[in-house]
Amino acid sequence: MPFLRRARVGSGQRVLVFGASGAIGTSAVQLARHFGAEVTGVCSGANLELVQSLGATSVVDYTREDFAKRGVRYDVVFDAVGKRKSAQALLNSPTALAPGGVVVSVDDGLARPVPSDLALLKELAESGELRPVIDRTYPLEQMVEAHRYVDQGHKRGNVVITVGQGDAYAQPSSA
Ligand SMILES: NC(=O)c1ccc[n+]([C@@H]2O[C@H](COP(=O)([O-])OP(=O)(O)OC[C@H]3O[C@@H](n4cnc5c(N)ncnc54)[C@H](OP(=O)(O)O)[C@@H]3O)[C@@H](O)[C@H]2O)c1
């Protein structure tokens with residue numbers, strides 16, 4: 001949420017989410033849609049359907065196509081991958097920006113949610129408009145295995161650690 005707020009995502013804008021199938025990306029797609037944007041999601045082929053089901057109006061498989069060469073201009077390019085893995089792929093992203101457009105990355109500094117962000121997230125989760133995407137669930141004792149899986153960098157949405165009967169700690173998304 002803080003990243004989308006920083007980019008002033010709003011109604012009628014074209015927003016591209018790079019890494020649309022991860023924890024941050026799946027939330028960003030849904031939130032940008034909520035704010036009235038037309039969303040393009042970039043992910044690998046296996047996740048195209050998932051990203052469409054979250055509200056993306058178009059999807060790009062980054063293993064086959066460079067979004068910056070499609071001739072479409074975006075008001076916001078949101079990099080939800082970061083940690084330099086996205087650097088090469090985003091090299092050409094300025095050419096895909098509409099006049100006044102911005103590139104915002106999860107690498108741009110700590111996300112600082114404000115109380116109104118949390119209130120909106122609660123409202124959207126309760127209404128079902130914001131759907132958490134859960135890939136795998138591990139019990140607390142298998143935290144090491146959970147980290148090994150997450151460290152591969154290709155989870156679909158979130159990985160949940162269960163900490164007690166009926167209780168779960170889900171890795172929070174901060175798009
Ligand atoms: N999750 C959080 O709560 C959180 C909080 C703060 C910061 N962050 C940071 O935000 C970033 C994203 O984290 P995340 O948990 O959402 O997901 P993640 O597990 O880091 O992966 C995000 C997505 O990146 C895609 N991806 C992986 N390698 C790629 C590459 N070389 N080129 C293009 N796409 C690639 C994957 O899609 P495919 O599988 O389709 O390839 C995956 O869905 C990380 O840098 C993380 O440190 C996360």
Side-chain angles (χ1 to χ4, degrees), residues 1-7 9 15-33 39-56 58-70 74 76-96 102-114 117-118 120-122 124-125 130-138 140 142-163 168-175:
M1 182 87 81
F3 293 111
L4 300 185
R5 193 163 25 78
R6 196 178 296 167
V9 170
V15 173
L16 180 131
V17 178
F18 188 82
S21 55
I24 303 286
T26 52
S27 295
V29 169
Q30 296 177 81
L31 290 171
R33 281 281 299 175
V39 181
T40 296
V42 182
C43 56
S44 62
N47 291 320
L48 295 174
E49 261 180 49
L50 166 72
V51 171
Q52 268 172 325
S53 77
L54 298 173
S58 40
V59 283
V60 180
D61 177 352
Y62 70 84
T63 65
R64 291 169 170 265
E65 194 181 351
D66 178 353
F67 73 86
K69 293 185 179 155
R70 301 182 105 207
Y74 301 96
V76 178
V77 170
F78 175 45
D79 167 26
V81 179
K83 294 215 173 116
R84 298 196 190 146
K85 279 194 288 188
S86 52
Q88 190 59 38
L90 291 176
L91 218 52
N92 296 324
S93 59
T95 62
V102 290
V103 180
V104 178
S105 172
V106 284
D107 285 345
D108 288 348
L110 208 59
R112 294 186 191 282
V114 295
D117 290 343
L118 301 179
L120 180 58
L121 288 175
K122 177 174 180 285
L124 296 179
L130 181 63
R131 177 162 68 89
V133 176
I134 309 295
D135 182 340
R136 294 186 183 180
T137 300
Y138 292 87
L140 188 59
Q142 289 178 20
M143 181 65 98
V144 173
E145 286 80 358
H147 269 281
R148 280 202 188 108
Y149 180 60
V150 168
D151 287 348
Q152 290 170 20
H154 291 283
K155 64 182 156 53
R156 286 161 61 98
N158 300 270
V159 165
V160 172
I161 303 298
T162 53
V163 293
Y169 172 73
Q171 183 190 33
S173 296
S174 42

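In listed order, ligands and their atoms are each counted from 1.
- Proximity to K155 (heavy-atom distance under 4.0 Å) selects the following atoms of ligand 1: 14 (P), 15 (O), 17 (O), 19 (O), 43 (O).
- The minimum heavy-atom distance linking S53 with R131 is given by the pair OG-NH2, 3.3 Å.
- Between D107 and ligand 1, no pair of N/O atoms sits closer than 3.5 Å.
- Taking the six-membered ring where the residue is Trp, Y138 and Y149 present tilted rings, their angle falling between 30° and 60°.
- Residue contacts with ligand 1, taken as heavy atom pairs separated by less than 4.0 Å, involve V106 solely via side-chain atoms from C-beta onward.
- With a 4.0 Å heavy-atom cut-off, ligand 1 is reached by the backbone of A80 but not by any atom from C-beta on.
- For the pair F67 and S93, the tightest heavy-atom approach, listed with the atom from each and the gap, is CZ-CB, 3.8 Å.
- Between the choices S21, G153, A20, the shortest heavy-atom distance to atom 43 (O) of ligand 1 belongs to S21.
- Of the N or O atoms in A23, one or more lie within a sub-3.5 Å distance of an N or O in ligand 1.
- Residue-level proximity to ligand 1 for I24 is carried by backbone and side chain together, each with a heavy atom below 4.0 angstrom.
- Considering only residues two or more places apart in sequence or on other chains, E65 meets the salt bridge (Lys or Arg N to Asp or Glu O under 4.0 Å) condition with R70.
- Annotation: side chain to side chain contact (heavy atoms under 4.5 Å, CB included) contacts of V9 (sequence neighbours excluded): L4, A7, Q13, V15, A32, F35, A37, V76.
- From R5, atom CZ reaches atom CZ of R112 across 11.5 Å, with rounding to the nearest 0.5 Å.
- Donor-acceptor pairing under 3.5 Å is recorded for the side chains of S58 and T40.
- Residue F18 approaches ligand 1 through these ligand atoms, each under 4.0 Å from one of its heavy atoms: 33 (C).
- Residue contacts with ligand 1: G82 is placed with no nitrogen or oxygen under 3.5 Å of a nitrogen or oxygen of the ligand (distance criterion only).
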